[in-house]
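Quick notes on the structure that follows.
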Amino acid sequence: MAKTIAFHLQKGGVGKTTISGTLACQSAINGHNTLVIDCDPQGNLSSWFLTQPPKYELSDVLQGKCFVEEAIIKAPELGNLSILPTFGIGGTLKNYSETKLAEEPFVIQDLVKDVSENFEHIILDLSPGLGRLERSALIASDEIITPMTPEVFSLDGLEIFIDELGKLKKNMRSSVKHNKIIINSFDERIRQHRDIFRAAEESGRFAVYKIPVDPLFRKAQEASKAPQQFKVRGRGLKTKTIQAIADLDNSIWR
Ligand SMILES: Nc1ncnc2c1ncn2[C@@H]1O[C@H](COP(=O)(O)OP(=O)(O)OP(=O)(O)O)[C@@H](O)[C@H]1O
Ligand SMILES: [Mg+2]
């Protein structure tokens, strides 16, 4: 049975896709059979890893237009990583989520159950927001980990998420765990970043992790590569970024 993790906060641009993709690569590099499901109609994660347009996408599976096995594809260059993609352009996930999903809130949970025997680790990448699609992905997960950026309103955004998640769990009788947060794009030299990290830790409610700001993430995404395997002029991820990824990888799959 796979463990399924969603990295989520309703806010946009906090690093959900970067962290989902990077930790999926790390899991695959470590030899675990890993699946990422691209639940974001923007399809950012799919266009990061796939250089060829796939035949089927997630919403085809959800609508019974193909078998899940037909839609899952291997990431080129990373043997243990598989992707259930979403087409950013010309895709049908947005339309599906706005029409049919209302009648089938457990459809992603059922899908995860179906593939759970075939993988050790499953990661869901979600779009910003807390609409039907994100809710159905959240309740399909064993654990939700919240990435946030060290900005003035980020702790407010976290409070809103905790509140909404509490209601969702009650309504859907879900026991999904939510006790880890990641301060992403962290810069030790910036006082505000250190203050936000400390405030998050002092709240005592979460294990708090950080991922340093590292330009290699964006460059690896542009080059359709795993950040761990990508170099620009001989330089890869910073040592402290590699350490941060290793720390997270060590604790999230337990
Ligand atoms: N630690 C980091 N250091 C430097 N750049 C980063 C880092 N994390 C993410 N980025 C960059 O920030 C941008 C936003 O990241 P990402 O797309 O992962 O956010 P997101 O939360 O998935 O956004 P959306 O809400 O649109 O789905 C991307 O260009 C990405 O390369
Ligand atoms: Mg994203």
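Ligands are counted one by one from 1 in listed order, and the atoms in each one are counted from 1 as well. Values below: all heavy atoms of this structure, side chains included; hydrogens, waters and symmetry mates excluded.
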- For atom CD of Q52, is the number of surrounding heavy atoms from other residues, nucleotides or ligands below 6.0 Å larger than 12?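 Open.
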- Message: Is it the case that atom NZ in K231 sees more than 12 heavy atoms from other parts of the structure closer than 6.0 Å?
- Response: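 Not buried by this count: 12 neighbours or fewer within 6.0 Å.
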- Note on the structure: At under 4.0 Å between heavy atoms, what of P147 touches ligand 1? The answer is neither
- Item | Shortest reach to atom 1 (N) of ligand 1 by a heavy atom, considering only T17, N184, I19 | N184
- Message: I want to know if ligand 1 touches V213 in the polar sense, i.e. an N/O pair below 3.5 angstrom.
- Response: no
- Message: I'd like to check which ligand 1 atoms, numbered from 1 as shown, lie under 4.0 Å from a non-hydrogen atom of V14.
- Response: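 Reading through ligand 1 atom by atom, the close ones are 19 (O), 20 (P), 21 (O).
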- Task: Would you check, one step at a time, whether the test ring pair (Phe, Tyr, Trp, His ring centres under 6.0 Å) holds for H178 with F206?
- Result: CA-CA 8 Å; H178 181 232; F206 292 92; 5.2 Å; yes
- Message: Main chain of L9, side chain of T146: is a donor-acceptor contact present, judged purely on distance under 3.5 Å?
- Response: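 Not at all, since once roles are kept as given, no pair shorter than 3.5 Å links the two residues.
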- Query: Protein heavy-atom contact under 4.0 Å for atom 4 (C) of ligand 1?
  - Reply: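 Protein heavy atoms within 4.0 Å of atom 4 (C) of ligand 1 - there is at least one.
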- Task: Identify whether the distance between the nearest side-chain nitrogen and carboxylate oxygen of E164 and K167 falls below 4.0 Å.
- Result: yes
- Cation-pi check, K210 to F186: give yes when NZ or CZ is under 6.0 Å from the six-membered ring centre and within 45° of the ring axis, no otherwise. yes
- Item | Top protein contact for atom 11 (C) of ligand 1, by heavy-atom distance |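 It is T18 OG1, 4.4 Å.
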- Message: Under 2.8 Å from the Mg ion (ligand 2), can any N, O or S atom of N44 be found?
- Response: no
